[in-house]
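The structure displayed is predicted, hence computed values, not measured ones.
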Amino acid sequence: MNVEDLVAIDVHTHAEVSAGGHASLSAELFGASEKYFKEHPRPTIPEMAAYYRERRMAAVVFTVDAEHATGHPRISNEEVAESCAEHPDVLIPFGSVDPWKGRAGVREVRRLVEEYGVRGFKFHPSIQGFAPDDRMAYPLYEAIQELGAVALFHTGQTGIGAGVPGGGGIRLKYSNPMLVDDVAVDFPDLRIILAHPSFPWQDEALAVATHKPYVYIDLSGWSPKYFPPQLVRYANTLLKDKVLFGSDYPVISPDRWLADFDRLDVKPEVRPRILKDNAVRLLGLGTKERTTDA
C-alpha cells in the first residue's frame with residue numbers, strides 16, 4: 001500500500017455480504033437497519049476495493065461475529081482477509097470474533113493475525129450481547145494486545161434492531177464507552193478505537209480518549225453536520241492526533257461524509273490528520289512495525 005498516494009483512509013467499513021451471497025445479519029435486523037439508515041447497496045469486497053480505488057482511498061473492512069446472541073452465521077473472517085489480500089493497495093483486513101467463543105476464539109485471533117495478516121478486530125457489544133469489561137472477553141484482549149493488533153468497539157446507539165419489537169434483543173447499555181475504560185486500564189498497551197459519535201455518551205467517550213493514551217475515536221456512522229459541538233472542539237484540539245475518519249460504508253458513503261466534513265469547522269492543519277495521518281500511524285501503514293506513539 002502506497003500511503004503517499006492516498007487522500008484518505010476510512011477505518012470503518014462493513015462487509016455485508018459474502019461472495020456466495022450470505023448476509024452478515026438476519027433479514028429482520030437488516031430490514032431494520034435499512035429503514036433506519038435508508039436503503040443502501042450491499043457491495044461485495046471486490047466491489048468495495050474498486051469503489052475505494054477509484055477515490056484514491058484505503059478502507060478497513062470487517063464483519064461482525066455475533067453468532068452466540070443472534071444465532072445467525074457470520075461471514076467468514078478468512079474470506080474477508082483473503083479478499084482484502086487480493087486488493088492490498090486499498091483494503092485492510094480486520095476480523096471479528098464473538099467473545100462467547102472462549103478459547104476457540106483466542107486461537108482464531110492468533111491464526112487470523114499470524115496467518116492472514118489481520119490488523120485488528122471489531123467488537124459490537126450490543127449485538128454480541130456482552131459488556132466490554134466482562135472478564136469473559138479478557139483472553140481475547142490479551143491476545144490482541146500481545147499480537148500488536150487493534151480492538152475497535154462499537155459505541156453509542158445502533159441502527160441495528162431499531163424499530164423492531166424489543167430492539168431485536170439488542171441492549172444499548174453494552175455500548176457505553178465508559179465500559180471500555182476498564183479494558184484500557186487492564187490492557188495498557190492495547191490500541192483501542194471507540195467507533196462513532198457515541199450518542200448519548202459523547203462526553204464519556206471524550207473523557208476516556210483524553211485520559212487513556214492509546215484510545216482513539218472514529219467518526220463513522222454519522223454525517224459530520226450532525227456531530228456534537230464538543231466532539232468537533234476536541235477533534236480540533238486535545239484529540240487532534242487521535243480522531244479518525246470512518247464512514248460506516250455502505251450505510252453512509254464516504255462521498256457524502258467527506259462533502260459534509262468539508263463544511264465542518266476543522267482547522268486546516270488538523271484535517272489531514274483526521275483523514276489519513278492518524279490512521280497511518282495507528283495501523284503502522286508504510287512501516288515495518290506499528291509505532292508506539294500515541
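Using a 3.5 Å distance cut-off with no hydrogens or angles, the side chains of T155 and H196 do not pair a donor with an acceptor. Looking only at atom types and distance, the side chain of N278 has no donor-acceptor partner in the side chain of Y216 under 3.5 Å away. Side-chain atoms of Y214 and D189 form no donor-acceptor pair, as typed in the model, at a separation below 3.5 Å.
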Indicate every side-chain donor-acceptor pair of residues 102-117 with a distance under 3.5 Å to a residue at least two apart or in another chain.
{"residue": "E108", "atom": "OE1", "partner": "R74", "partner atom": "NH1", "Å": "3.3"}
{"residue": "E108", "atom": "OE1", "partner": "R74", "partner atom": "NH2", "Å": "3.3"}
{"residue": "E108", "atom": "OE2", "partner": "R74", "partner atom": "NH1", "Å": "3.1"}
{"residue": "E108", "atom": "OE2", "partner": "R74", "partner atom": "NH2", "Å": "2.8"}
{"residue": "E108", "atom": "OE2", "partner": "N77", "partner atom": "ND2", "Å": "3.0"}
{"residue": "R110", "atom": "NH1", "partner": "E146", "partner atom": "OE2", "Å": "3.3"}
{"residue": "R110", "atom": "NH2", "partner": "E146", "partner atom": "OE1", "Å": "2.9"}
{"residue": "R111", "atom": "NH2", "partner": "E78", "partner atom": "OE2", "Å": "2.9"}

Indicate every side-chain donor-acceptor pair of residues 160-184 with a distance under 3.5 Å to a residue at least two apart or in another chain.
{"residue": "S175", "atom": "OG", "partner": "S126", "partner atom": "OG", "Å": "2.8"}
{"residue": "N176", "atom": "OD1", "partner": "M178", "partner atom": "N", "Å": "2.9"}
{"residue": "D181", "atom": "OD1", "partner": "K212", "partner atom": "NZ", "Å": "2.8"}

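A parallel orientation is assigned to the rings of F123 and F153, their planes being inclined by less than 30° (bins at 30° and 60°). Classification of the W257-F261 ring pair by plane angle, with boundaries at 30° and 60°, yields parallel. F62 and H12 have perpendicular rings, their planes meeting at more than 60° on a 0 to 90° scale where under 30° would count as parallel.
Listed by chain and number, the residues in a side-chain contact (heavy atoms from CB on, under 4.5 Å) with P46 are T44, H87 (sequence neighbours excluded). Scored by the side chain to side chain donor-acceptor pair (under 3.5 Å) test, K267 finds no partners at all (sequence neighbours excluded). In terms of the side-chain contact (heavy atoms from CB on, under 4.5 Å) criterion, residue partners of P93 (sequence neighbours excluded) are, by chain and number, A81, C84, V118. Residues passing the side-chain contact (heavy atoms from CB on, under 4.5 Å) test with S223 are K225, Y226, R256, D260, sequence neighbours excluded.
The hydrophobic cluster containing V208 does not contain W201, counting ILVMFWY residues as joined when their side-chain heavy atoms lie under 4.5 angstrom apart, directly or transitively.
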Let me see the working for R271 and D277 under salt bridge (Lys or Arg N to Asp or Glu O under 4.0 Å), right down to the final yes or no. CA-CA 9 Å; R271 288 182 180 274; D277 297 345; over 6 Å; no

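Residues H154 and P125 approach most closely at O-CD, 3.7 Å, considering heavy atoms.
Enclosure of atom CG in D265 is not indicated, since only 12 or fewer non-hydrogen atoms of other residues, nucleotides or ligands lie within 6.0 angstrom.
Rounding to the nearest 0.5 angstrom, the gap separating the CG atom in L275 from the CG atom in L258 is 6.0 Å.
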